[in-house]
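When a residue number appears, it is its place in the shown sequence, counting from 1.
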Amino acid sequence: MPKRYVRLTQPLVRDGKGQPLRPATWDEALDRTAAGLRAAVATQVPGGPSPVGIFSCSKATNEVNFAAQKLARAALGSNNIDSCNRT
């Protein structure tokens, strides 16, 4: 019997390491994501490598890839941008 995949209709979050996933609102999930990115960016040592990066898709439009690199450079302060264009 083939595997059956189920599409998620709402975000799932964990309240702590090893805790089970629980349904959350989109606002809560996005707030947690933003807080996690802020915490990661805050760990960067001045002059050191960025702890975050962006991986973009070669099938995306130029505009989407441009927006991804702007997000990485302007908002996250990272030059770590890659895509599968090289393969």
Side-chain angles (χ1 to χ4, degrees):
M1 180 177 246
K3 287 185 178 181
R4 184 168 181 228
Y5 296 98
V6 178
R7 184 178 296 266
L8 295 177
T9 58
Q10 65 186 37
L12 301 174
V13 298
R14 292 185 200 278
D15 290 321
K17 190 172 182 176
Q19 296 294 314
L21 290 168
R22 69 167 176 80
T25 65
W26 282 103
D27 285 338
E28 179 187 4
L30 290 171
D31 287 344
R32 284 175 167 228
T33 301
L37 279 170
R38 271 190 231 102
V41 169
T43 65
Q44 183 173 357
V45 177
S50 176
V52 296
I54 298 249
F55 189 84
S56 190
C57 178
S58 63
K59 293 186 178 186
T61 63
N62 285 339
E63 292 79 9
V64 169
N65 283 321
F66 179 79
Q69 68 91 18
K70 282 301 242 186
L71 172 69
R73 292 185 176 141
L76 301 175
S78 175
N79 285 324
N80 298 334
I81 306 162
D82 200 3
S83 70
C84 55
N85 293 341
R86 297 177 284 116
T87 59

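The line from OG of Ser58 to CG of Asn65 is 8.0 Å long, rounded to the nearest 0.5 Å. To the nearest 0.5 Å, the span separating CG on Asn79 from CD on Gln69 amounts to 9.5 Å. Of the inter-residue distances, the one linking Arg14 atom CZ with Arg32 atom CZ reads 11.0 Å to the nearest 0.5 angstrom.
Residues Arg22 and Leu12 have side chains not in contact (no heavy-atom distance under 4.5 Å, counting atoms from C-beta outward).
Residue Leu37 is found in a hydrophobic cluster whose other members, listed by chain and number, are Val41, Val52, Ile54, Leu71, Leu76; membership requires side-chain heavy atoms under 4.5 Å apart, directly or through intermediates.
Closest of all the heavy-atom pairs between Ala60 and Val64 is CB-CG1, 3.8 Å. A pairwise comparison of heavy atoms in Ser50 and Asn80 identifies O-ND2, 3.2 Å as the closest pair. In plain terms, the two heavy atoms of Ala24 and Val13 that are nearest each other are CB-CG2, 3.7 Å. Ala68 and Ser56 make their closest contact through CB-OG, 4.3 Å (heavy atoms, listed as atom of the first residue, atom of the second, distance).
At distances below 3.5 Å, at least one donor-acceptor pair connects side-chain atoms of Gln44 with backbone N or O atoms of Gly48.
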